[in-house]
Amino acid sequence: MAGPLNAKVILERCSKHKKSFGNRIEQREGDWVSTWAFPIDEQKGKREGFDANIVIGSLKPVDGYPGCPYCGSTGTFLCGCQKVSCDGGIANHRGFAEIVCPWCDQPSGRLQYVESIEVSGKGY
């Protein structure tokens, strides 16, 4: 019998359109997976506490994850400012990409996708 479902929503921004959205994630066998995304007003997302959820571990999309509601990208990256964004469809997940963070407007440098991510509400 499976244990209780551990699901959260994290607040992200689209790298292309700089609009906020909620990324519903759930824990499966110790890893986190993105299952659904929806547009949300940033202030409402903060009131709901989506900016304060903490996630430690890998974060990958499941088959059928619709991706960012604005650009359709399923890639996620964490900036040095500790905020999460979609990759705007810029990166191929086998290589590198130059991305400007839609939260702090700083270049991410040479972004490489990693298997582990730690996301918290710091700086929101």
Item to complete: For F50 and N23, run side-chain contact (heavy atoms from CB on, under 4.5 Å): C-alpha distance rounded to whole Å, both residues' side-chain angles, the deciding distance at 0.1 Å, then the answer.
Response: CA-CA 9 Å; F50 298 160; N23 180 354; over 6 Å; no

Just wondering, do [Y] and [X] contact through their side chains at under 4.5 Å, heavy atoms?
X	Y	answer
S34	T74	no
W103	L11	yes
C86	Y70	no
F38	P69	no
I10	L59	yes
K60	D31	no

Using atom types as modelled and distance alone, determine if a side-chain donor or acceptor of [X] lies under 3.5 Å from a backbone N or O of [Y].
X	Y	result
S73	C68	no
K8	I54	yes
W36	P66	no

Worksheet item: Who passes ring pair (Phe, Tyr, Trp, His ring centres under 6.0 Å) against Y65, sequence neighbours left out?
Response: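 Per chain and number, Y65 pairs via ring pair (Phe, Tyr, Trp, His ring centres under 6.0 Å) with no residue.
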
Might you point out which heavy atoms bring [X] and [Y] nearest each other, and give the distance in Å?
X	Y	result
C71	K16	CB-CD, 4.0 Å
F21	R13	CE2-C, 3.7 Å
R28	V62	NH1-CG1, 3.5 Å
P102	F77	CD-CZ, 4.3 Å

Fill in: Given E12, H17, K18, the one that forms side chain to side chain contact (heavy atoms under 4.5 Å, CB included) with C14
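For C14, the side chain to side chain contact (heavy atoms under 4.5 Å, CB included) test succeeds with only one of E12, H17, K18, which is H17.
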
Discussion item. To the nearest 0.5 Å, what is the distance between NZ on K83 and CG on L78?
Written reply: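 It comes to 11.5 Å.
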
Worksheet entry | Spacing of I25 atom CD1 and T35 atom OG1 [to the nearest 0.5 Å] |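 Answer for the CD1-OG1 pair, I25 versus T35, is 8.5 Å.
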
Practice prompt. For K44, enumerate each residue passing the side chain to side chain contact (heavy atoms under 4.5 Å, CB included) test, keeping only those at least two apart in sequence or located in another chain.
Written response: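 Listed in chain order: I40, D41, R47, E48.
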
